[in-house]
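Residue numbers start at 1 and run along the sequence shown.
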Amino acid sequence: MRTLTPPTAPSRVQPSSSCTHTPPCPSADSPDREAARVVASHPEQGWSLLCNGAFHFDDTGEVLPDGRVIAPHRPLTATA
């Protein structure tokens with residue numbers, strides 16, 4: 001019996017930064033990476049591409065240019 005394997009897609013690597021303005025935005029590796037400017041916004045789908053190459057999601061999760069995933073980190077709300 002012959003096993004079929006799906007073709008592998010070419011690896012696509014996002015640029016580490018497409019930031020060309022001054023002062024430059026924080027890098028995708030810095031703790032304040034969410035302060036980078038939005039270069040593509042898709043609120044209907046719940047995500048934005050930042051100029052440092054990170055994808056930021058409405059639930060506060062992120063995908064960094066190197067493929068690492070940052071879990072959602074919503075602030076805790078106080079209840080009375």
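Nearest approach of Leu64 to Ala28, heavy atoms of both residues: CD2-O, 3.7 Å. When all heavy atoms are compared, the tightest approach of Asn52 to Ala36 is ND2-CB, 3.5 Å.
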Below 3.5 Å, can you tabulate the donor-acceptor pairs from side chains in residues 56-63 to any protein atom, sequence neighbours excluded?
from  : atom 1 : to    : atom 2 : distance (Å)
Asp59 : OD1    : Gly61 : N      : 2.9
Thr60 : OG1    : His73 : N      : 2.7
Thr60 : OG1    : Arg74 : N      : 3.4
Glu62 : OE1    : Arg33 : NE     : 3.2

Could you please spell out the steps behind the side-chain contact (heavy atoms from CB on, under 4.5 Å) verdict for Val39 and Leu50?
CA-CA 6 Å; Val39 294; Leu50 305 179; over 6 Å; no
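Listed by chain and number, the residues in a side chain to side chain donor-acceptor pair (under 3.5 Å) with Ser30 are Asp32 (sequence neighbours excluded).
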